[in-house]
Amino acid sequence: MMLTINGLTKSFGGLTAVNEVDAVIEKGTITAVIGPNGAGKSTFFHLISGFHQPTKGSIQYNGSDITKTPPHKTAALGISRTFQTTHLFEQSTVIDNVLIGHRVRTKATIIDAIFRTKREKNEEKKCYEKAREMLDFVGLSHLENNPVHSITQEEQKRTAIALALATDPELLLLDEPAAGINPDETIELASLIKKIVRNGVTVCLIEHKMPMIMSLADHIIVLNHGSKIAEGTPEEIKNNPEVIKAYLGGEENVETG
Amino acid sequence: MEFLFQQVFNGVTIGSVYSLVALGLTLIFGILHVPNFAHGAMYMIGAYLTLTVMTAMGVHYWLAVGISILMVALLAIITERLVFSRLDQNNPLPMMIAAIGILFFLEAFAHLVWGSQYQRMVTPYGESINFLGMTVTLQRLIIIGAALFLMLILHLFLTRTMTGSSIVAMAQNREGAFLVGINANKVAMLTFAIAGGLAAAAASLAAPINLVYPSMGNLVIMKAFVIIILGGMGSIPGAIVGGYILGISESLGATYISAEYSDLIAFVLLVLILTVKPTGLFVRGVQG
Amino acid sequence: MLKLDNVSVSYGSFKALENVSLYAEQGELVVLLGSNGAGKSTLFKAVSGLVKVQEGSMEAAGTSILGKPPSFMVKKGIVQCAEGRMLFPAMTVLENLKMGSYVHRRDKKVQEEQLRNVYDLFPILQEKRKDPAGSLSGGQQQMVAIGRALMAKPSLLLLDEPSLGLAPLIVEQMFETISEINKTGVTVLLAEQNAHAALKISNRGYVLENGSVVMEGTQKELMNNEDIRKAYIGA
Amino acid sequence: MTFFKKNGWLITLAIIALLFPLILPNQYFIQIGILIGIWSIAVYGLNLITGYIGQLSLAHAGFFAIGAYSLGLLTLNAGIPFWAAFFLSLAITAVFGLLIGLVALRTKSHFFAIYTMSVGFLIYLVIYKWDELTGGVRGLIGISAPDGIGPVTFQSITSQYYFVIFFLLVTIFLMRRIVHSLLGRTFTAIRNSEDLAKTIGISVMKNKLLAFVLSSIFAGLAGILYASYIRFLGPEIAYIEVAFEILLYLLVGGIGTLAGPLVGTIIVVTLTQSLQFLEEYRMLIFGPIVVLLILFYPQGIVGQYYMWKMKRNFKKKPSIHAGKENSVKEARS
Amino acid sequence: EETGTDADGQNGGEAEVETEVDVEGDEEVVNIGYTGPLSGPAAYYGENTLNGMRMAAEEINEEGFEIDGVTYKVNVIAYDDMYLPNEAGTNARRLVQENDTSVVFVPHSGGVFATQVFNEEEEFLIAAYTSEPDVLEQGNELTLRIPPAYTMYPDFFIDYQMENFGERLALLPTATQYGKDWTETIVPEWEGAGGEIVFDGEIDFSQDTDFYNIVSNALNSDPDVLFVGGASEPTALVIDQAKELGFEGGFMVMDQAKLEEMEAVLGGYERLEGAVGVLPQLKSDAAGAEAFNTGYQEQYDRIPTSESAFNYQAMYVLVEAMKASGSVDDAQAIMAAMDEGVKALDEEDIVWYLEGVEDQGFDWLGGAAAVENGEIVILEE
Ligand SMILES: Nc1ncnc2c1ncn2[C@@H]1O[C@H](COP(=O)(O)OP(=O)(O)OP(=O)(O)O)[C@@H](O)[C@H]1O
Ligand SMILES: Nc1ncnc2c1ncn2[C@@H]1O[C@H](COP(=O)(O)OP(=O)(O)OP(=O)(O)O)[C@@H](O)[C@H]1O
Ligand SMILES: [Mg+2]
Ligand SMILES: [Mg+2]
């Protein structure tokens with residue numbers, strides 16, 4: 001098991017956004033988290049990545065406890081994420097955005113910076129290489145020198161994924177990667193995610209676009225009012241009456257988009 | 001005991017002045033997200049205008065205060081139109097520097113027009129009276145009364161009227177405010193006018209117990225910044241409570257801790273509070 | 001109701017809209033389709049007065065609205081529910097909604113009536129009315145945004161990707177709601193990625209590509225167009 | 001790219017600076033040159049934390065004063081030799097920077113600005129009130145000029161000038177190295193978005209603290225040079241107005257740019273000097289000039305230059321639609 | 001030849017300043033420098049000092065003065081330093097380098113210290129308007145102290161107050177070094193005369209927004225006499241507030257505050273009842289006082305105080321010293337001739353009794369005044 005979550009709970013004042021959730025994420029799979037708005041999905045991700053401290057419960061990652069680890073350390077451990085609203089270094093170019101993602105794997109200090117040591121140079125080169133590799137991987141090489149704010153939403157989403165991948169993650173958390181992009185591009189995105197998994201990265205994603213989820217996920221976790229109400233393969237989830245009632249609604253939503 | 005009362009009363013007097021200045025500052029801060037250092041200059045100009053109108057035109061104190069409030073409100077609107085509205089709202093630093101430029105200018109302007117010497121404002125309320133066993137000048141009671149009155153009016157305006165709420169709304173999301181049909185320029189001008197008017201009122205109230213001179217606003221404005229940070233930036237109740245807390249703690253600190261270090265109190269208080277609670281005492285944003 | 005003629009908008013030297021002409025009749029529901037960056041939001045912003053139109057003319061209900069500020073547009077009944085929501089995060093849900101009827105601030109009856117409609121539409125908002133809007137989940141905030149736009153009692157409602165980030169169940173309801181709002185006589189201009197659902201409730205539609213209108217037609221025409229099916233509706 | 005091409009402006013600058021006293025052997029101009037050098041170093045310090053990390057510090061006049069007073073007290077009262085005092089003073093400023101940074105950096109944006117303003121004011125008040133240590137308002141009198149190194153002495157004004165210019169060039173060189181390194185990129189990443197920086201594994205607090213300490217050291221260095229040049233210290237050097245002035249230099253020059261601090265300092269200092277003939281009405285003109293500069297060059301002179309360059313490039317390569325005005329922001333540095 | 005104008009001034013600004021004085025025939029112009037606060041909170045003070053100099057210069061220039069057959073006129077060149085030492089240093093350098101001044105007036109101690117770093121090397125004289133003793137303790141030979149030492153006042157003050165009001169003294173001076181020095185001088189003498197210190201405080205005029213609470217603190221200790229002082233106007237306010245709070249004792253006012261200025265602030269000497277302080281310049285009966293007082297009031301619309309009077313006087317002495325030394329640019333010689341210059345003063349140019357130069361400082365005759373029944377009363381020894 002890559003990630004084991006036990007009794008995870010998060011309260012904001014009186015509101016329990018995540019309530020006693022148990023879950024596991026298996027290496028090399030795609031796990032999807034779905035649920036109505038406000039179900040606590042994003043909060044669930046915030047907890048794993050260390051942005052929020054859980055009220056209760058524990059998170060084990062590759063056998064070690066990361067329940068209270070701050071976000072920059074979880075990233076160093078190999079958990080990377082994207083945000084629900086695309087979050088990038090708006091003012092920088094695409095490549096500059098992505099290459100800083102590899103900083104976590106470098107060691108150059110102020111001393112290296114001042115004396116421009118070999119280490120600094122090597123690591124700089126490594127970062128560039130990594131960034132180019134990742135941009136190539138997500139298909140954005142041609143935009144490398146454009147400022148981020150000048151590219152489209154969908155390109156920004158892919159940049160965000162490239163940035164997350166530049167940290168060399170083992171586990172990638174994607175919060176609604178397909179929101180705001182059209183069906184055509186959603187299909188491309190799905191194949192990109194598959195490609196990421198083929199490259200050995202475990203993926204966990206939140207999404208409202210059911211066709212995509214159903215075709216992509218190996219395992220689905222359904223949250224409602226902070227609690228896990230179901231879990232299983234897409235086939236099981238699709239036919240789970242409770243999920244249909246709480247979330248999916250009519251058949252049609254699942255089939256088309 | 002009586003002596004303690006006297007000191008608390010002194011604190012409340014000066015706290016009233018702080019609160020009025022901080023209120024205007026916090027309103028502008030909410031809209032512009034900029035520490036408007038020129039606000040101290042508005043305070044200073046307000047005092048001079050009242051003084052000039054009183055002495056040159058021979059009008060009554062209250063009428064002079066009214067005229068001064070209107071004129072400073074107008075001056076504040078002018079700074080908004082000519083300078084602040086032309087700067088990028090998302091970039092606070094240039095606005096801050098522009099504010100400092102305005103401050104330099106207004107101070108030099110006051111120097112040119114009114115001279116660099118200290119001046120005294122004499123009101124009809126100079127006599128000392130006995131009040132709850134304390135000797136106080138009537139002017140000091142008036143400061144407290146008038147400040148409370150202005151605060152109440154402001155509170156009602158911001159919470160009970162849509163025009164007032166539009167200031168609050170704009171402080172939270174400019175584009176959002178546009179989308180519901182709020183006229184951004186009008187709100188910005190209105191905010192500046194209110195802030196300027198409050199500063200002028202505060203200065204005109206405080207000047208008779210103090211002196212009028214070109215740099216009189218500088219220290220007050222620094223303390224007002226401390227207050228709005230303590231009170232949560234953009235928070236109206238925060239500015240009021242913060243102003244009184246500061247006034248009283250300065251007065252009591254001077255008495256029971258050290259007179260010499262009483263002016264440190266504001267800053268020590270701020271540093272201590274932010275060290276413990278980095279987001280200030282009140283955290284919700286601009287609210288009525 | 002709304003008529004745009006050869007409208008162009010640029011950001012700096014980049015042309016986001018080029019000679020766009022379109023119209024919407026009173027009571028119509030018109031869909032705007034287009035991939036990311038096609039210029040849909042820019043078009044909406046232009047109509048709302050949030051960006052400057054460099055060329056062309058814009059008319060609403062017979063009068064020119066070119067170069068008018070956003071507040072003017074809202075007064076005219078042109079209300080937008082924007083992408084990115086633009087809520088007042090520290091205000092409560094109720095306060096946000098009330099601000100929505102800013103232009104009707106002197107008319108308590110309209111306010112109350114609209115508020116009831118919004119609560120009927122999104123009961124969760126009534127439950128959360130005392131919470132700061134900023135603490136709501138993404139989808140709930142979207143509801144507040146739509147609700148706030150409705151509070152202005154629009155005659156022309158511009159909806160910029162209202163289904164963004166909403167759960168399927170809610171999306172379904174929301175399209176029904178939009179349809180209902182439309183049926184009460186409100187003209188609706190709807191930009192959507194979710195082309196199928198949008199077209200289903202629409203009268204007509206336009207397709208935008210790279211800042212220009214590349215296709216327009218009735219609901220049927222567009223639904224049956226192979227290219228559109230492929231590009232926007234998916235298999 | 002050759003060394004010269006890469007470091008072109010720096011080398012040109014160094015040559016101009018070195019030749020300056022030979023071309024204009026007027027002590028007044030040399031004095032201005034020295035003060036520009038000293039203030040620029042402080043402005044570079046501020047630029048690191050404010051321009052590259054994005055946290056506005058108003059405590060830098062305080063750090064300037066801590067550096068200056070440390071040197072003054074160590075040489076005058078403790079009788080420590082100049083160079084030992086010099087390095088000790090840098091260390092003292094760094095320690096203050098570290099301690100203040102540790103608490104101050106827990107606050108963000110405006111809270112940080114006002115917090116540091118208060119800290120700066122407290123530093124001023126402590127210097128002002130604690131006469132037993134600092135001499136209070138009377139100040140420290142008769143601080144010695146730098147000791148010579150071997151045959152080189154620093155008694156004459158020209159040698160003092162070269163002394164300051166040396167440190168200025170070192171400062172610019174260091175800043176350049178830092179800004180263009182991975183560390184510098186890390187700083188900018190934090191400026192652009194703290195949350196995102198965290199998720200990609202950057203320890204925001206550690207990096208901010210590092211930048212804050214570095215920046216306070218530069219401010220302290222400027223203070224040390226000031227003390228050894230003016231040789232008299234009064235509490236007014238810690239006053240909040242000095243912090244505003246440093247900030248003004250930075251903004252006029254161009255925040256977050258490498259040349260900005262120097263350009264801004266030169267422009268504003270020259271401007272205030274050339275307005276001297278106005279006597280008491282100087283500020284009447286200076287205030288509006290500041291406002292106009294900011295209105296027309298909100299990015300600062302250097303920032304505006306980059307913007308202009310960017311626009312020109314854009315005309316050459318219209319394929320990149322960098323139409324947005326602020327797309328330039330990153331191009332500078 | 002170092003005197004005279006730069007043929008082509010460095011910039012328009014200076015050229016303007018310099019053309020203020022006509023140069024014709026074998027007349028030459030001697031530039032006299034000034035650096036002081038002309039903007040910011042201390043501007044009023046700076047202007048007072050500068051006005052005194054300027055007024056004297058204008059009078060001197062009516063005729064000019066002659067050395068070795070050349071007629072000289074003086075031209076005061078003033079730069080603003082906002083009370084900052086480094087600005088003062090820069091201004092002094094500029095005055096010496098660009099305007100060839102061999103004398104620079106500096107009215108604040110920080111500025112003097114910063115200028116003393118190089119004045120001996122550059123050979124110019126600092127005319128220091130500061131009573132800070134350290135200015136002369138550094139052994140700088142080209143520094144002249146203009147104002148009197150304050151140590152002559154306490155005797156007058158203490159005798160008067162003890163006799164009229166009592167022995168309990170509360171200290172409320174300004175929180176500056178000057179205030180501290182004064183306090184340190186007066187406290188032992190008060191106690192020596194059998195008095196008691198019942199309250200030890202100070203007021204920071206530049207930092208405190210309201211003095212009321214500290215004044216009520218002081219009065220709470222039931223004093224007979226208050227020791228106050230600092231700038232005139234805030235000091236007046238302290239006295240006023242003490243009276244508001246019901247205090248009926250006496251006030252000792254240190255010399256920085258002027259009774260005549262306080263009177264202007266408070267609107268009458270009644271509000272100063274019981275105060276002792278420096279004798280107002282207006283009450284000076286020196287031969288030149290009357291002319292100076294009225295002339296100054298007319299020209300600057302301000303009350304003439306010792307700040308203007310002493311700098312006015314210093315300007316005259318300087319010119320006399322130049323004449324005596326036979327040079328307008330040899331700072332050493334001018335300094336050496338200073339005492340001679342004082343003695344050579346024309347009777348009607350004397351606005352306040354000046355006896356000579358002692359230890360590089362002007363030796364003024366002291367005088368004090370008290371307010372009794374709303375009138376100024378001169379105290380004699
Ligand atoms: N910082 C916070 N403070 C208070 N309440 C919060 C906070 N963050 C989230 N919540 C609340 O927690 C609940 C879960 O929010 P969360 O963002 O996790 O939902 P979600 O499942 O991601 O929804 P969506 O699909 O709409 O994005 C919501 O009711 C929200 O209002
Ligand atoms: N403020 C701006 N400055 C510069 N370019 C902009 C700005 N806003 C949008 N653009 C550019 O204009 C083009 C059209 O953007 P717009 O937001 O209108 O597209 P859209 O059709 O709404 O796309 P989406 O589906 O992503 O919302 C895009 O290329 C975008 O990058
Ligand atoms: Mg979410
Ligand atoms: Mg859009």
Side-chain angles (χ1 to χ4, degrees), chain B residues 26-27 29-33 81 85-86 88-90 155-191 228 231-239 279-288, chain C residues 41 44-45 47-51 68-92 94-108 111 131-135 141 144-154 157-160:
Chain B
T26 219
L27 282 176
F29 201 106
I31 298 273
L32 279 181
H33 300 284
R81 282 293 88 192
S85 67
R86 287 160 201 266
D88 178 6
Q89 311 290 336
N90 300 317
H155 174 76
L156 292 178
F157 174 70
L158 290 177
T159 52
R160 299 289 156 81
T161 69
M162 278 297 245
T163 317
S165 306
S166 68
I167 293 181
V168 183
M170 183 138 134
Q172 292 186 12
N173 190 325
R174 279 184 94 75
E175 284 222 320
F178 298 155
L179 290 173
V180 300
I182 292 171
N183 185 326
N185 287 339
K186 271 193 202 153
V187 171
M189 287 194 281
L190 179 68
T191 310
I228 67 170
M233 278 171 302
S235 157
I236 304 293
T279 46
L281 288 178
F282 304 71
V283 266
R284 287 174 76 190
V286 171
Q287 270 152 58
Chain C
S41 301
F44 277 16
K45 283 186 189 158
V47 176
S48 291
L50 289 169
V51 297
K68 294 283 195 286
S71 53
F72 177 87
M73 308 296 188
V74 182
K75 265 187 223 135
K76 280 229 80 157
I78 306 173
V79 181
Q80 187 188 175
C81 169
E83 205 178 21
R85 306 188 192 118
M86 311 293 170
L87 299 181
F88 308 124
M91 286 185 166
T92 63
L94 180 60
E95 285 168 332
N96 264 279
L97 294 177
K98 276 194 173 158
M99 282 317 289
S101 52
Y102 179 78
V103 289
H104 302 292
R105 56 189 175 279
R106 282 180 243 295
D107 193 341
K108 282 268 167 329
Q111 286 180 36
D131 292 353
S135 75
Q141 290 189 18
V144 180
I146 298 172
R148 191 181 68 183
L150 291 177
M151 289 296 291
K153 209 174 177 200
L157 181 61
L158 309 171
L159 293 168
D160 197 354

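Formation of a donor-acceptor pair under 3.5 Å by the C:Q111 side chain with backbone atoms of C:H104 is found in this model. A donor-acceptor pair is defined here as one N or O able to donate and one able to accept, closer than 3.5 Å; such a pair exists between the side chain of B:Q172 and the backbone of C:M91. The main-chain N or O of C:M86 is never found under 3.5 Å from a side-chain atom of B:E175 such that the two would form a donor-acceptor pair. No donor-acceptor distance shorter than 3.5 angstrom exists from the side chain of B:R174 to the backbone of B:A184, with no hydrogens or angles considered. Side chain of B:S166 to backbone of B:T163: a donor-acceptor contact under 3.5 angstrom is found.
Heavy atoms of B:A177 lying under 4.5 Å from chain C belong to its backbone as well as its side chain. Contacts between C:L87 and chain B at a heavy-atom distance below 4.5 Å involve the backbone alone (N, CA, C, O). With a threshold of 4.5 angstrom between heavy atoms, C:R105 approaches chain B through its backbone and through its side chain. With a 4.5 angstrom heavy-atom cutoff, C:P89 touches chain B via backbone and side-chain atoms both. There is no contact between B:T161 and chain C, counting heavy-atom distances below 4.5 Å.
Inspection of non-hydrogen atoms places C:S71, C:V74, C:V79 of residues 71-79 of chain C under 4.5 Å from chain B.
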Does the side chain to side chain contact (heavy atoms under 4.5 Å, CB included) test come out yes or no for C:M99 and B:I182, once each step is laid out?
CA-CA 9 Å; C:M99 282 317 289; B:I182 292 171; 3.5 Å; yes
Evaluate the criterion side chain to side chain contact (heavy atoms under 4.5 Å, CB included) for residue pair B:V180 and C:V103; output intermediate values, then yes/no.
CA-CA 7 Å; B:V180 300; C:V103 289; over 6 Å; no
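In this structure B:R86 satisfies the side chain to side chain donor-acceptor pair (under 3.5 Å) test with no other residue, sequence neighbours excluded.
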